[in-house]
Visitor: 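Can you read through this structure? Questions will come right after.
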Amino acid sequence: MNFRKDIPLDQFSTFKTGGKAEIFGEAYSIEDVKEAIQEAKNKRKGVFVLGGGSNVLIPDDDFNCIVLKMNIKGIEWRNINDEEFEVEIGAGENWDGLVEESVNKGLYRVENLSGIPGTVGAAPIQNIGAYGTELSDTLSSVKTIDVSCGKEKVFKKNECEFSYRNSIFKKYPGHFVITSIVLKLSRKGKANVNYKDIGNYISENNISSDELNPSILRDIVLSIRRGKFPDIKKYGTAGSFFKNPVIEKEEFDELKRKFPNIPGFKTESSRIKIPLAWILDNVLNLKGFREGNVGCFEKQPLVIVNFGGASSKEIKNFSELIKKRIKDETNIDVDNEVNVLSDK
Ligand code: NAP
């Protein structure tokens with residue numbers, strides 16, 4: 001494997017920020033990953049895996065570990081029976097490319113996850129989810145390399161500790177390198193149209209329920225996303241910067257007294273999930289709020305944008321300012337959805 005030195009990382013981050021990687025390598029196979037782990041051990045450094053760079057804020061200072069760009073490719077379809085398929089996808093494949101291929105085959109289960117940027121290997125880390133579907137609904141296993149011993153380890157779905165935007169891989173960063181995932185998809189299925197934005201789109205465009213199939217659902221989701229989320233090719237952004245908070249019922253009741261219109265959705269654990277965008281918009285009036293080159297996106301304030309020339313430090317400072325304002329007004333401690341890497 002060819003390790004290179006002093007490679008600028010801003011080219012690999014959708015925020016278009018970040019310093020240089022002291023050592024940089026690209027993994028095209030499991031053997032490459034093992035080699036990088038060994039090299040990191042020899043040099044007493046950590047390994048940081050870079051996928052699509054669409055959910056990470058890379059520090060401005062040079063990065064003192066081995067940065068491994070995940071490029072393991074390959075999509076292998078296996079028939080289980082006439083209707084069901086198992087598909088194994090290399091961690092370096094583009095997530096949305098996989099969704100498109102699945103939809104083109106007429107398969108259900110990932111169509112509502114259309115348009116999410118990033119690689120397949122990053123998908124289980126935060127258990128990507130959108131429009132009423134989560135990756136964990138369809139995933140069967142995750143293949144990894146255990147960094148501590150360099151050996152292959154397969155996690156079955158029930159071992160991944162999936163929850164809302166969380167998994168064992170997020171809880172223990174740097175412990176496992178994901179090399180591929182296995183999903184179960186089906187020709188037989190039902191369009192999941194329960195999400196408000198999808199329901200509204202269907203009625204506004206007079207789409208009949210007979211027309212609904214994975215391909216139409218994909219078009220609907222892509223169209224809704226285009227109306228709300230910035231084009232990652234045009235703006236420096238990593239999409240939603242913060243997680244939607246999940247709080248105790250008592251805390252929600254208290255907020256409701258202060259802000260009677262605040263929406264909340266009951267979760268399985270009977271806690272309440274709050275759309276943070278509502279608070280940013282209605283409580284803090286932050287739609288389009290900007291400081292220097294960084295700001296909240298006009299149509300979706302949960303999305304922080306580098307309008308050009310901002311550093312990672314500026315983006316981080318801006319995110320902390322927003323968090324402080326949320327805390328002051330609502331007493332909610334917000335977590336980042338974006339992986340903000342330490343700049344020390
Ligand atoms: P939205 O539709 O304005 O919804 C905001 C929040 O309200 C989300 O937390 C959403 O939960 C929740 N919500 C809405 N309807 C709900 C229902 N019927 N039951 C339970 N919870 C409900 O969200 P948005 O910002 O425009 O984003 C659209 C979708 O893309 C959302 O599903 C969002 O989570 C997803 N998204 C995912 C990622 C990611 O995985 N990295 C990044 C950006 C956006 P859910 O989050 O569970 O839907």
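Every number for a ligand or one of its atoms is a count from 1 in the order of the listing. Numbers here are sequence positions counted from 1. Hydrogens, waters and symmetry mates play no part in the numbers below; they use all other heavy atoms, side chains included.
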Visitor: May I ask you to decide whether R78 forms a salt bridge with E76, counting only side-chain N to carboxylate O separations under 4.0 Å?
Guide: yes

Visitor: For I128 and ligand 1, answer yes if some heavy atom of the residue is under 4.0 Å from a ligand atom, otherwise no.
Guide: yes

Visitor: Would a 4.5 Å heavy-atom cut-off, applied to side chains only, mark N64 and F48 as touching?
Guide: no

Visitor: Identify the heavy atoms of V294 and A310 that sit nearest to each other, and give their distance.
Guide: CG2-CB, 3.6 Å

Visitor: Strictly under 4.0 Å, does any heavy atom of E134 approach an atom of ligand 1?
Guide: no

Visitor: Is ligand 1 less than 4.0 angstrom away from at least one heavy atom of K266?
Guide: no

Visitor: Quick one: which of Q300, K228, K243 has a heavy atom closest to atom 3 (O) of ligand 1?
Guide: K228

Visitor: Taking only Lys NZ, Arg NE, NH1 and NH2, and the carboxylate oxygens of Asp or Glu, determine whether D333 and K323 approach each other closer than 4.0 Å.
Guide: no

Visitor: So, F12 versus F24, ring centres under 6.0 angstrom or not?
Guide: yes

Visitor: How far is atom 47 (O) of ligand 1 from its nearest protein heavy atom, and which residue and atom name does that atom have?
Guide: K273 NZ, 2.6 Å

Visitor: Salt-bridged, D137 to R109, with N to O below 4.0 Å?
Guide: no

Visitor: At a 4.0 Å threshold, what atoms of ligand 1 neighbour a non-hydrogen atom of P275?
Guide: 5 (C), 6 (C), 7 (O)

Visitor: Does G129 have a heavy atom less than 4.0 Å from any atom of ligand 1?
Guide: yes

Visitor: Return the option from W278, Y131, Y164, F265 holding the heavy atom at the smallest distance from atom 32 (O) of ligand 1.
Guide: Y131

Visitor: Strictly below 4.0 Å, N to O, side chains only: are D96 and R218 in salt-bridge contact?
Guide: yes

Visitor: So, is S240 polar-close to ligand 1, with some N/O to N/O distance under 3.5 Å?
Guide: no

